[in-house]
Amino acid sequence: MLPKWFNDWNGNNPTNIYGPAILIGGIGGAVLVATLLVTWGQPFATDSMQTGPRGTGMSVPEFKSDLATPDPGIAGFTTSTPVIPQPGDPRAGDVIENAEPLLADLTEANYTRLVGAMREWTGIPDLLAGEENYQTVVARRMIQMTQAINEYWDGHVNANAVVGVTCYTCHRGQPVPSDIWFRIAPVNEATAGWSANQNRATLISQSTSLPSDALETYLLEANTIGVHDLESRVAGGPAGDDPLPSIQDTERTYALMNYVSNALGVNCVFCHNSRAFYDGAQVTPQWGTEMLGISMVQEINNDYLVPLRDVYPEDRLGPIHADAPKAACKTCHKGQQQPLQGLNVIDNWPELATTEAPVYE
């Protein structure tokens with residue numbers, strides 16, 4: 001029993017006990033969670049890949065949970081062990097009617113195995129079934145392209161490990177690969193000149209107002225990639241024998257870099273030193289790999305894809321300029337640093353690894 005004076009004072013001066021209780025409970029809960037994280041481990045832990053010199057902070061952090069999540073395209077890749085040719089094995093060209101000439105020297109077993117895989121990789125069940133199908137003509141050129149990539153562009157494709165490319169690298173079971181592109185400029189028909197190429201959000205500009213002609217300028221026409229000089233006034237200009245990059249070139253370069261970043265799922269410092277973007281002497285090793293990739297895509301487009309324009313039916317051509325479908329970084333990478341997260345797709349397919357006779361081991 002409390003004294004009357006205390007009861008009177010307490011009645012006239014009520015105290016909110018819930019606020020302090022909630023505060024103490026919240027602090028206790030935070031301490032408990034922190035203790036569990038230290039004991040059991042951080043569920044959102046990150047892993048970092050160093051991209052530049054030590055001590056420069058040039059690294060790419062990624063959540064370990066994301067790294068542990070496989071690319072859904074990996075599950076769809078079909079492979080099988082090659083059949084080692086034996087003396088006396090019949091050639092495909094001798095026993096298979098209308099055998100593809102590029103593959104006619106393969107043994108019957110390896111020919112059947114390869115063509116079956118290509119049909120699954122591309123989702124075209126009658127691929128290489130006859131000359132009357134335009135897809136056979138396209139496939140023949142794609143075989144040559146795949147062999148050339150694996151043989152001559154090793155520095156890009158196999159920069160980290162031997163992984164190679166096959167039809168599946170781009171097609172992923174679809175007759176038409178995702179992330180191909182067509183020429184769409186000008187995108188703003190109400191204006192002329194430079195303004196006609198920008199200020200409209202398009203898929204090619206990665207839904208930004210940056211220029212929409214960057215892919216055709218750099219990955220098809222192979223123009224020099226560059227940005228305007230850091231100084232506000234420099235000798236020279238965009239014309240002449242030794243032209244300087246203009247502001248327009250700079251914006252177009254930003255559009256390409258934005259595309260590359262999205263295509264590989266990386267940020268700028270994957271290739272560049274953030275304190276010296278303009279200095280080619282301070283880039284990361286990945287910069288060299290990327291520059292090889294740009295040259296490779298230029299060759300793919302100009303030597304293999306664009307010349308097929310007259311082979312395709314009208315519904316396979318671009319909606320504006322009726323041009324052939326073309327490739328870029330995202331056609332293979334599809335948002336990954338390495339296509340299919342570095343899965344070795346060429347190991348069992350020596351027929352696609354070289355323009356020479358395949359080597360079976």
Side-chain angles (χ1 to χ4, degrees), residues 73 138 141-160 163-172 174 176-185 202-206 210-226 249 252-266 268 270-272 283-309 312 316-318 321 323-340 342 345-346 352 355:
V138 174
R141 196 66 179 132
M142 295 301 96
I143 292 171
Q144 295 172 322
M145 181 188 74
T146 302
Q147 292 172 334
I149 291 173
N150 284 314
E151 184 168 16
Y152 301 119
W153 293 101
D154 176 82
H156 177 77
V157 175
N158 302 318
N160 298 316
V163 296
V165 299
T166 64
C167 316
Y168 188 78
T169 305
C170 291
H171 281 266
R172 310 290 173 97
Q174 303 177 33
V176 179
S178 63
D179 303 302
I180 56 175
W181 62 278
F182 302 95
R183 292 174 53 232
I184 65 171
T202 66
L203 289 177
I204 293 182
S205 70
Q206 306 298 287
L210 290 168
S212 293
D213 62 347
L215 297 189
E216 63 183 87
T217 301
Y218 298 126
L219 302 184
L220 183 64
E221 299 170 0
N223 287 326
T224 301
I225 302 170
D249 293 325
R252 192 182 280 117
T253 294
Y254 289 161
L256 177 67
M257 295 297 101
N258 188 36
Y259 169 84
V260 171
S261 179
N262 283 276
L264 274 65
V266 298
C268 305
F270 187 70
C271 292
H272 296 275
V283 294
T284 71
Q286 288 76 22
W287 182 89
T289 303
E290 170 60 20
M291 294 309 294
L292 279 176
I294 289 174
S295 297
M296 181 186 73
V297 171
Q298 292 168 351
E299 178 180 288
I300 289 173
N301 285 328
N302 286 289
D303 292 358
Y304 296 97
L305 301 183
V306 171
L308 289 171
R309 190 257 178 221
Y312 290 109
R316 286 285 188 261
L317 300 177
H321 298 284
D323 52 327
K326 290 169 280 294
C329 313
K330 199 172 185 179
T331 315
C332 289
H333 284 262
K334 303 189 188 303
Q336 301 282 345
Q337 289 181 25
Q338 290 183 276
L340 297 166
V345 296
I346 198 62
L352 298 176
T355 56

inquiry  = Taking V165's backbone N and O only, do any of them form a donor-acceptor pair with N150's side chain (distance below 3.5 Å, no angle check)?
reply    = yes
query: Okay, side chain of N258, backbone of Y254: is any donor-acceptor separation there less than 3.5 Å?
result: no
Discussion item. Does R252 form a side-chain contact (heavy atoms from CB on, under 4.5 Å) with N223? I'd like the steps, not just the answer.
Written reply: CA-CA 11 Å; R252 192 182 280 117; N223 287 326; over 6 Å; no
Are any of the side-chain heavy atoms of F270 and E290 separated by less than 4.5 Å? no
For L219 and A328 the tightest heavy-atom approach is CD1-CB, 3.7 Å
What one should report as the nearest heavy-atom pair of P325 and Y312 is CD-CE1, 3.8 Å
Value for NE2 (H333) from CG (L340), rounded to nearest 0.5 Å, stands at 10.5 Å
d(T331 OG1, H171 NE2) to nearest 0.5 Å is 10.5 Å
In short, V163 meets N158 closest at the heavy-atom pair N-OD1, 2.9 Å
(request) Apply the test side-chain contact (heavy atoms from CB on, under 4.5 Å) to residues I225 and I294: give CA-CA distance (whole Å), side-chain angles for both, the deciding distance (0.1 Å), then the verdict. (result) CA-CA 10 Å; I225 302 170; I294 289 174; 3.9 Å; yes
#### Entry: Steps toward side-chain contact (heavy atoms from CB on, under 4.5 Å) verdict (M142, L305)
CA-CA 9 Å; M142 295 301 96; L305 301 183; 3.6 Å; yes
Quiz item: Going through the distances and angles, do E299 and W153 end up as a side-chain contact (heavy atoms from CB on, under 4.5 Å)?
Solution: CA-CA 10 Å; E299 178 180 288; W153 293 101; 3.1 Å; yes
Output for pair (N262 CG, Q206 CD), nearest 0.5 Å, gives 4.5 Å
Original post:
Does the side chain of L215 come within less than 4.5 Å of L220's, by heavy atoms?
Top reply: no
For R172 and G73 the tightest heavy-atom approach is NH1-CA, 4.4 Å
Note: A327 and W181 closest approach over all heavy atoms is O-NE1, 2.8 Å
Taken to the nearest 0.5 Å, the spacing of L308 CG from L317 CG works out to 11.0 Å
key: Close side-chain approach of N302 and K326, heavy atoms under 4.5 Å   = no
So do the side chains of C268 and M257 get within less than 4.5 Å of each other, counting heavy atoms only?
no
Rounding to 0.5 Å, atoms CE (M145) and OG1 (T355) come to a distance of 14.5 Å
Task: Donor-acceptor under 3.5 Å (H156 side chain, T289 main chain) - done: yes
Heavy-atom closest pair (A185 atom, H321 atom, distance to 0.1 Å) is O-NE2, 2.8 Å
d(L210 CG, Y259 OH) to nearest 0.5 Å is 15.0 Å
**Q.** Donor-acceptor contact present, side-chain S261 to main-chain V266, <3.5 Å
**A.** yes
task: Flag the pair Q337 / N160 as yes when at least one side-chain heavy-atom distance between them is below 4.5 Å, and no otherwise.
output: no
